[in-house]
Amino acid sequence: MTSIINSRIPEFKVQAFHNGKFVTVSDEDLKGKWAVFFFYPADFTFVCPTELVDMAEKYEQFKAMGVEVYSVSTDSHFVHKAWHDASESIRKIQYPMLADPTGALSRAFGVMIEEDGMAYRGTFVVNPEGLIKLVEIQDNSIGRNADELLRKVEAAQFVAAHDGEVCPAKWKKGAETLKPSIDLVGKI
């Protein structure tokens, strides 16, 4: 099994529903920016809307950090619009909802469940160079937490800007980091 960490995101071009419009989103749109890809199984389901709303409630914080959020499911952009129109909760979403009806993007990120035609809950943080810096893939019965993702993005951005420093467990912005060296071996 080859690691996806530090690999380049795939080339892609998909339709999306974003702020009341159908738009096209491609890998070119990500160049020079931090991004989060938030794969989920399907619209009009149970756990998915709780996660998407959680992300919507933190979206301004992600934007303030220079991060664009992209939710992705194997539904079409038409289904994303229908869900948006039918659900007060989903109307809170201001980030692009990417459509992957062929499953090509889900396969490229390694989250496609072929027999179900939908994706696992996969979260990917991509740096401005288009490299995947964080991956979490979990069973579809387990929801994610946007606060924890925010913390991890802050850590990824911190280590990207501070060469030679790393973030320990439970690190939060402003907390002490570590500078790995032989002097720390066995002392932590």
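These values consider heavy atoms only, across backbone and side chains, with no hydrogens, waters or symmetry-generated copies. Throughout, numbering of the chain's residues begins at 1 and tracks the sequence.
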List the residues meeting salt bridge (Lys or Arg N to Asp or Glu O under 4.0 Å) with K13, not counting sequence neighbours, and say none if there are none. none

May I ask you to check whether over 12 heavy atoms, not counting those of F22, lie within 6.0 Å of atom CZ? yes

When rounded to the nearest 0.5 angstrom, what distance separates NE2 in H18 from NE2 in H77? 15.0 Å

Contact between M97 and S71 at the side-chain level, heavy atoms closer than 4.5 Å - yes or no? yes

Are M55 and V72 connected in the hydrophobic side-chain network, where two residues link if heavy atoms are under 4.5 Å apart? no

Cluster link V67 to V159, ILVMFWY, side chain under 4.5 Å: no

Between Y95 (side chain only) and L52 (backbone N and O only), is there a donor and an acceptor less than 3.5 Å apart? yes

Are the side chain of D116 and the backbone of I113 linked by a donor-acceptor contact shorter than 3.5 Å? no

Correct closest heavy-atom pair for T123 and R144 would be OG1-NH1, 2.9 Å

Of all the heavy-atom pairs spanning F109 and F124, show the shortest one and how long it is. O-CZ, 3.3 Å

Check S26 against L30 and note the closest heavy-atom contact, atom names and distance. O-CD1, 3.6 Å

Is there a side-chain contact between W34 and V125 (heavy atoms, below 4.5 Å)? yes

Ignoring hydrogens, what is the shortest heavy-atom contact between P180 and G164? Give both atom names and the distance. CD-O, 3.4 Å

Are V36 and V153 close enough, and set up right, to give a side-chain contact (heavy atoms from CB on, under 4.5 Å), and what steps lead you there? CA-CA 9 Å; V36 169; V153 171; 4.1 Å; yes

Should we say atom CZ of F37 is surrounded by more than 12 heavy atoms from elsewhere, each under 6.0 Å from it? yes

Backbone of G117 reached by a side-chain donor or acceptor of T74 within 3.5 Å: yes

Would you say P41 and C48 make side-chain contact, with heavy atoms under 4.5 Å? yes

For the backbone of T102 and the side chain of R107, can you confirm whether one donor and one acceptor N or O come within less than 3.5 Å of each other? yes

A146 versus K58, closest heavy-atom pair with distance: CB-CG, 3.6 Å

Which atom of T177 lies closest to which atom of C167, heavy atoms considered: CG2-SG, 4.3 Å

Start with the C-alpha distance between S106 and D100, add both sets of side-chain angles, then the distance that settles side chain to side chain donor-acceptor pair (under 3.5 Å), and finish with yes or no. CA-CA 7 Å; S106 298; D100 185 27; 2.7 Å; yes

Step by step, work out the side chain to side chain donor-acceptor pair (under 3.5 Å) result for Q15 and T24. CA-CA 5 Å; Q15 292 299 303; T24 301; 3.0 Å; yes

Chi angles and distances behind the side-chain contact (heavy atoms from CB on, under 4.5 Å) call for R8, L131: CA-CA 5 Å; R8 187 161 303 286; L131 302 178; 4.0 Å; yes

Classify the ring geometry of W83 against F44: parallel below 30°, tilted from 30° to 60°, perpendicular beyond 60°. tilted

Show, in sequence, the C-alpha distance, side-chain angles and deciding distance for S141 and V47, and conclude whether the side-chain contact (heavy atoms from CB on, under 4.5 Å) test is met. CA-CA 7 Å; S141 60; V47 176; over 6 Å; no

Would I4 end up clustered with Y70 when hydrophobic side chains under 4.5 Å apart are linked, directly or stepwise? yes

Whether the side chain of K33 engages the backbone of D29 through a donor-acceptor N/O pair (distance < 3.5 Å, no angle test) should be reported. yes

Passing candidate, side chain to side chain donor-acceptor pair (under 3.5 Å) with Y59, options E68, K92, Q94: E68

So for atom CD, which belongs to E114, do other residues, nucleotides or ligands contribute more than 12 heavy atoms lying within a distance under 6.0 Å? yes

Heavy-atom donor-acceptor pair, R121 side chain to Q138 backbone, under 3.5 Å: no

Do side-chain atoms of S87 reach the backbone of H84 as a donor and acceptor pair under 3.5 angstrom? no

So which of D27, L98, V25 actually passes side chain to side chain contact (heavy atoms under 4.5 Å, CB included) with L105? L98

Filter on salt bridge (Lys or Arg N to Asp or Glu O under 4.0 Å), then keep only pairs touching residues 122-143, sequence neighbours left out; what's left? E136-K152

For side-chain contact (heavy atoms from CB on, under 4.5 Å), just list the numbers for F39 and Y120, CA-CA rounded to whole Å, side-chain angles, deciding distance to a tenth of an Å, and then say yes or no. CA-CA 7 Å; F39 288 83; Y120 280 115; over 6 Å; no

If a pair satisfies ring-ring contact (aromatic ring centres under 6.0 Å, His included) and one of its residues is in residues 137-167, list it, with sequence neighbours excluded. F158-H162, F158-W171

With the side chain counted from C-beta on, respond yes when F62 and L149 share a heavy-atom pair under 4.5 Å apart, and no when they do not. yes

Using 4.0 Å as the upper bound for N to carboxylate O, is an ion pair formed by R151 and E154? no

Answer with yes or no whether the hydrophobic clustering places V14 together with V111; edges join I, L, V, M, F, W, Y residues whose side-chain heavy atoms lie under 4.5 Å apart. yes

Assess whether a salt bridge exists between K81 and D85, defined as any Lys/Arg side-chain N lying under 4.0 Å from an Asp/Glu carboxylate O. yes

Between I5 and I137, is there a shared hydrophobic cluster once you connect ILVMFWY residues whose side-chain heavy atoms come closer than 4.5 Å? yes

Do D75 and H80 have side-chain atoms, one donor and one acceptor, less than 3.5 Å apart? no

